[in-house]
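This report refers to the structure that appears directly beneath it.
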Protein chains: 2
Amino acid sequence: MKIGELARLTGTNVETIRYYERDGLLPIPARSDGNYRIYGDAHVQRLSFIRRCRSLDMTLEEIRVLQHFKESPQENCADVNRLLDLHIGHVAQRMQELQELEMQLKDLRERCGETRDAAHCGILEGLSQAIVPSGKTASHVQGTHWHAANPNSAKGIQGNQV
Amino acid sequence: MKIGELARLTGTNVETIRYYERDGLLPIPARSDGNYRIYGDAHVQRLSFIRRCRSLDMTLEEIRVLQHFKESPQENCADVNRLLDLHIGHVAQRMQELQELEMQLKDLRERCGETRDAAHCGILEGLSQAIVPSGKTASHVQGTHWHAANPNSAKGIQGNQV
DNA sequence: TAGAAACCCTTGAGTAGCTACAGAGTCAAG
DNA sequence: CTTGACTCTGTAGCTACTCAAGGGTTTCTA
Ligand SMILES: [Zn+2]
Ligand SMILES: [Zn+2]
Ligand SMILES: [Zn+2]
Ligand SMILES: [Zn+2]
């Protein structure tokens, strides 16, 4: 099959497939006479695996590690479990951070009950106060926004919609 | 004061200050004879405001809107409240998504109690299954990882540590 | 007054994970 | 033979920064 069908089968953007190939996540496929990429069932499996991992918010690096284990089935899978535990930790930590954020934001929101002129808005006032040195622990989790640049991931992955 | 002191006072990286200037968030400062940027108290205030907003995970766009209101104090602040409500929504939505993720990940984790060879690992098996079409709503929130590229934000902002 | 350290400047590239476009080539149907 | 759908490569863009190269400036000390 050609790239378009692979894209349809897995619910992946065509450009994303080429990106994974460049990035070494997908093996380099055979080419047709006209230089088109030709894929088979193995590619569908592999790409589905990647997309499933991405839908669980794993990084491409994390996915690379998991792929390694799929390719060496005789190895002990302890590291797979470890990777998953770590990743669950990433998610949990980000949730904690967001919970704290939510509290701070709701506090701030309460400072302006009914609207008035911006000069006396309690929110703007609150934001102007000095930064409270919070003893946040180092983490590697990301922010709160998802921008137009990546609508596919934002919408969530809906595979298999043929 | 020069850029280094502004950086110290606000707990901001020097490069970040120059970046804000390029991006139009900080007004272009005066220059000394030797072409050094010269800042005053107003810049400290303005930068503190930005960093406080960033510590609440607002985007630079959101901050730009808030700055607009600080500069036009006669306007009604209803839009400030609206922006904050929207942003609280951003945080809440991401938390929901992460909660769902956590559940799925813990489900997956249970599939491999004791470690065995990768060929029979329940986790790898689970990840190989077809993607479940989940009816996720469109959102703009980001992922779960924070990488070395941005250690400052990751650590949280600790301003005023002179 | 020379020299060194500490600061500052601009420019350009890199980060994750894509997306989007330009400009070209390929292929099947009508 | 043309139209249109598809594909190709290469490049640039998105967020919010961070870092490094290769210079210039200031300040302090010997
Ligand atoms: Zn992770
Ligand atoms: Zn208000
Ligand atoms: Zn927001
Ligand atoms: Zn296992």
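Considering only side-chain N and O atoms, B:Thr59 lies nowhere under 4.0 angstrom from the phosphate OP1 or OP2 of D:dT15. When the side-chain nitrogen and oxygen atoms of A:Arg64 are compared with OP1 and OP2 of C:dA16, none of them lie within a distance under 4.0 Å. One finds a side-chain N or O of A:Arg31 lying less than 4.0 angstrom from the OP1 or OP2 phosphate oxygen of D:dT9.
For DNA chain D, the neighbouring residues in residues 18-29 of chain B, judged by any heavy atom under 4.0 Å, are B:Tyr19, B:Tyr20. Within residues 32-40 of chain B, the residues approaching DNA chain C are B:Asn35, B:Tyr36, B:Arg37, by heavy-atom distance under 4.0 Å.
The distance from atom CD1 of A:Ile50 to atom C1' of C:dC18 is 13 Å, rounded to the nearest whole Å. A straight line from CG of B:Leu56 to P of D:dA16 spans 14 Å, rounded to a whole angstrom. Straight-line distance from the CG atom of A:Asn13 to the P atom of D:dG13: 19 Å, rounded to whole Å. Straight-line distance from the CD1 atom of A:Ile17 to the P atom of C:dA20: 15 Å, rounded to whole Å. When the P atom of D:dA5 is taken as reference, atom CZ of A:Arg8 falls 13 Å away, rounded to whole Å.
Among the nucleotides D:dT9, C:dC8, C:dC9, the one closest to any side-chain atom of B:Lys2 is C:dC8.
Here A:Tyr36 pairs with nothing under the side-chain hydrogen bond (donor to acceptor under 3.5 Å, both in side chains) rule; sequence neighbours left out. For B:Val44, the side chain to side chain contact (heavy atoms under 4.5 Å, CB included) partners at least two apart in sequence or on another chain are B:Met1, B:Leu6, B:Leu9, B:Thr10, B:Ser48. Evaluation of the salt bridge (Lys or Arg N to Asp or Glu O under 4.0 Å) rule for B:Asp85 yields A:Arg109 as partners, not counting sequence neighbours. Residues passing the ring pair (Phe, Tyr, Trp, His ring centres under 6.0 Å) test with A:Tyr39, sequence neighbours excluded: A:His43. Looking at residues two or more places apart in sequence or on another chain, you find no salt bridge (Lys or Arg N to Asp or Glu O under 4.0 Å) involving A:Lys2. For B:Asp33, there are no side-chain hydrogen bond (donor to acceptor under 3.5 Å, both in side chains) partners, not counting sequence neighbours. Under the rule for a side-chain hydrogen bond (donor to acceptor under 3.5 Å, both in side chains), A:Tyr19 has no partner lying at least two apart in sequence or in another chain.
Using a 4.0 Å cut-off between charged side-chain N and carboxylate O, B:Glu102 and B:Lys106 make a salt bridge.
Identified under the salt bridge (charged side-chain N to carboxylate O under 4.0 Å, His left out) test for residues 14-27 of chain B, with sequence neighbours left out: B:Glu15-B:Arg18, B:Glu21-B:Arg37, B:Asp23-B:Arg64. For residues 68-83 of chain A, every residue pair satisfying the salt bridge (charged side-chain N to carboxylate O under 4.0 Å, His left out) rule, not counting sequence neighbours, is listed here: A:Arg46-A:Glu71, A:Asp79-A:Arg82.
No side-chain heavy atom of B:Cys77 sits under 4.5 Å from any side-chain heavy atom of A:Asp117.
Mapping B:Glu15 and B:Gly4 onto DNA chain C by nearest heavy atom places B:Gly4 closer to the 5' end of the strand.
Rounded to 10°, the angle separating the first-five-pair axis and the last-five-pair axis of the helix from C:dT1-D:dA30 to C:dG30-D:dC1 equals 30°.
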